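Below is one structure; the comments refer to it alone.
Every value quoted in this text rests on a predicted model; they were computed, and no experiment measured them. In what follows, every chain begins at residue 1, and chains take the letters A, B, ... in the order their sequences are listed.
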Number of protein chains: 2
Amino acid sequence: MPLDTVFAALGDPTRRAILAMLLEDDMAVTDVADPFEMSLAAISKHLGVLTAAGLISQEKRGRVKWCKLEPDAMREASIWMQSFGQFEAVNLDDFERFLAAELQDDAPELSKG
Amino acid sequence: MPLDTVFAALGDPTRRAILAMLLEDDMAVTDVADPFEMSLAAISKHLGVLTAAGLISQEKRGRVKWCKLEPDAMREASIWMQSFGQFEAVNLDDFERFLAAELQDDAPELSKG
DNA sequence: CGAAACGTCAACCAAATGGTTGAATAACGG
DNA sequence: CCGTTATTCAACCATTTGGTTGACGTTTCG
């Protein structure tokens, strides 16, 4: 069941941090591991979990294995959550304002004040 | 970290099934357990996990403990996910700050529009 | 009162998870 | 070729997870 693996994968803060990093750019395994205070092997395992969940893909070029975010994998899970529609547009006003500010210029200091 | 517990809770199919049941109506623990082929104690544990994650609440009236869906708990997780699927352009740091601010003032009116 | 229903607790178990280390494999680069 | 870099594999370990059973406290009801 993809929902099982996707949600389980997202349940770990290290893996969410990895996804956040990959949001900015594709990365090699070693570079993904760099900011973390754990072994490369541990990160390699986390990447395996993310890959199994379909949240990222890995492609080997030469001796470097590139990790790439696969945002589509979250779609099903996201849709499942939204089916609990009761929780109503998560403050969509605030969210849209956030997005507008975000997409408008490069680095808005929105949390300021 | 709420995201940890929410995602981890959602990673189990039994617990997702329970949430789906509670979508229809509040239920007593025994009735929640009924359709499952596992012990009442096991379901009780699952309900504990869901409660710890804030995804449901439990209120005891008489000898019956009623379980109620708390859809708000999914908001943060849902927003987090949507940032990947649809809004790759957002700055994740800003986004985390937005989330923090958003959740700080206690579930701003989400009642339907 | 005494029995049954509701639910949790405690002890236990197997399997999965998240981490470690050290050796192994593969590809570059001098 | 040989050393170095990139990554995984294998074995191991501690902890958590998801389940079981049986005993236990409450509340309801005949």
Side-chain angles (χ1 to χ4, degrees), chain A residues 1-22 25-70 73 77, chain B residues 1-22 25-70 73 77:
Chain A
M1 193 90 61
L3 283 181
D4 286 23
T5 51
V6 169
F7 280 131
L10 294 178
D12 184 280
T14 300
R15 286 192 290 261
R16 286 200 308 279
I18 291 173
L19 291 176
M21 291 166 60
L22 292 178
D25 215 343
D26 299 358
M27 295 179 77
V29 173
T30 306
D31 295 328
V32 169
D34 203 50
F36 296 98
E37 297 204 333
M38 76 181 68
S39 69
L40 183 61
I43 295 295
S44 180
K45 281 192 191 177
H46 280 303
L47 291 171
V49 172
L50 290 170
T51 301
L55 289 165
I56 68 169
S57 60
Q58 293 181 282
E59 182 199 357
K60 193 167 178 180
R61 284 204 299 272
R63 64 180 165 178
V64 173
K65 201 163 185 179
W66 292 91
C67 305
K68 182 181 185 310
L69 194 64
E70 295 290 345
Chain B
M1 193 89 60
L3 283 181
D4 286 23
T5 52
V6 169
F7 280 131
L10 295 177
D12 184 280
T14 299
R15 287 193 288 263
R16 287 199 309 277
I18 291 174
L19 291 176
M21 291 165 62
L22 292 177
D25 215 343
D26 298 358
M27 295 179 77
V29 172
T30 307
D31 294 329
V32 169
D34 204 51
F36 296 98
E37 298 203 333
M38 75 181 68
S39 70
L40 183 60
I43 295 295
S44 180
K45 281 193 191 177
H46 280 304
L47 291 171
V49 172
L50 290 170
T51 302
L55 289 164
I56 69 170
S57 60
Q58 293 181 282
E59 181 199 359
K60 193 168 180 181
R61 284 202 300 272
R63 66 177 167 182
V64 173
K65 199 164 186 179
W66 292 92
C67 304
K68 183 183 185 312
L69 194 63
E70 295 290 346

Evaluate the side chain to side chain contact (heavy atoms under 4.5 Å, CB included) criterion for residues A:L10 and A:L55: first the C-alpha distance (whole Å), next the side-chain angles of each, then the deciding distance (0.1 Å), finally the verdict. CA-CA 9 Å; A:L10 294 178; A:L55 289 165; 3.9 Å; yes
Please step through side chain to side chain contact (heavy atoms under 4.5 Å, CB included) for the pair B:Q58 and B:V29, ending with a clear verdict. CA-CA 9 Å; B:Q58 293 181 282; B:V29 172; 4.0 Å; yes
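Remark: A:A77 engages A:L3, A:V6, A:F7, B:M81 in a side-chain contact (heavy atoms from CB on, under 4.5 Å) (not counting sequence neighbours). Every residue was checked against the side-chain hydrogen bond (donor to acceptor under 3.5 Å, both in side chains) condition with A:S39, not counting sequence neighbours, and none meets it. In this structure, B:K45 has no side-chain contact (heavy atoms from CB on, under 4.5 Å) partners at least two apart in sequence or on a different chain. Every residue meeting the side-chain contact (heavy atoms from CB on, under 4.5 Å) condition with B:T14, not counting sequence neighbours, appears here in chain and number order: B:D12, B:I18, B:F36, B:M38, B:I43, B:H46. Residues passing the salt bridge (Lys or Arg N to Asp or Glu O under 4.0 Å) test with A:E37, sequence neighbours excluded: none. By the side-chain contact (heavy atoms from CB on, under 4.5 Å) test, B:D34 pairs with no residue at all, sequence neighbours left out.
Summarising the geometry, atom CD1 belonging to B:I56 is positioned 4.5 Å from atom SG belonging to B:C67; distances are rounded to the nearest 0.5 Å. Note: A:W66 CH2 to A:L22 CG = 11.0 Å, rounded to the nearest 0.5 Å. Note that CE of A:M27 is 10.0 Å distant from CG of A:L47, once rounded to the nearest 0.5 Å.
The distance from atom CD1 of A:I43 to atom P of C:dT17 is 17 Å, rounded to the nearest whole Å. Rounding to whole angstrom units, CD of residue B:E59 and C1' of C:dC6 are separated by 16 Å.
With contacts defined as side-chain heavy-atom distances shorter than 4.5 Å, the pair B:L50/B:E70 does not qualify.
Judged by distance alone, the side chain of B:S44 and the main-chain N or O of B:L40 form no donor-acceptor pair under 3.5 Å.
Where A:D12 and B:K65 meet DNA chain C, the nucleotide closest to each residue was compared, and B:K65 sits on the side nearer the 5' end. Comparing A:K45 and A:Q58, the nucleotide of DNA chain D nearest to each residue sits closer to the 5' end for A:Q58.
Between A:A53 and A:A73, the shortest heavy-atom distance links the atoms O-CB, 4.1 Å.
Annotation: salt bridge (Lys or Arg N to Asp or Glu O under 4.0 Å) contacts involving residues 49-67 of chain A, sequence neighbours excluded, comprise A:E59-A:R61.
Contacts between residues 27-39 of chain A and DNA chain D, defined by a heavy-atom separation below 4.0 Å, involve A:A28, A:V29, A:T30, listed by number. Within residues 46-54 of chain A, no residue approaches DNA chain D, by heavy-atom distance under 4.0 Å.
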How does protein contact run along nucleotides 24-30 of chain C, one letter per nucleotide 5' to 3', with B for base contact, S for sugar-phosphate only, - for none, heavy atoms under 4.0 Å? ---BS--
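Put simply, chain B comes within 4.0 Å of DNA chain D, heavy atom to any atom, from D:dG18 to D:dT28, going 5' to 3'.
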Its dot-bracket string being built from Watson-Crick and G-U pairs below 3.5 Å, with | for another strand and [ ] for crossing, DNA chain D has the pattern ||||||||||||||||||||||||||||||
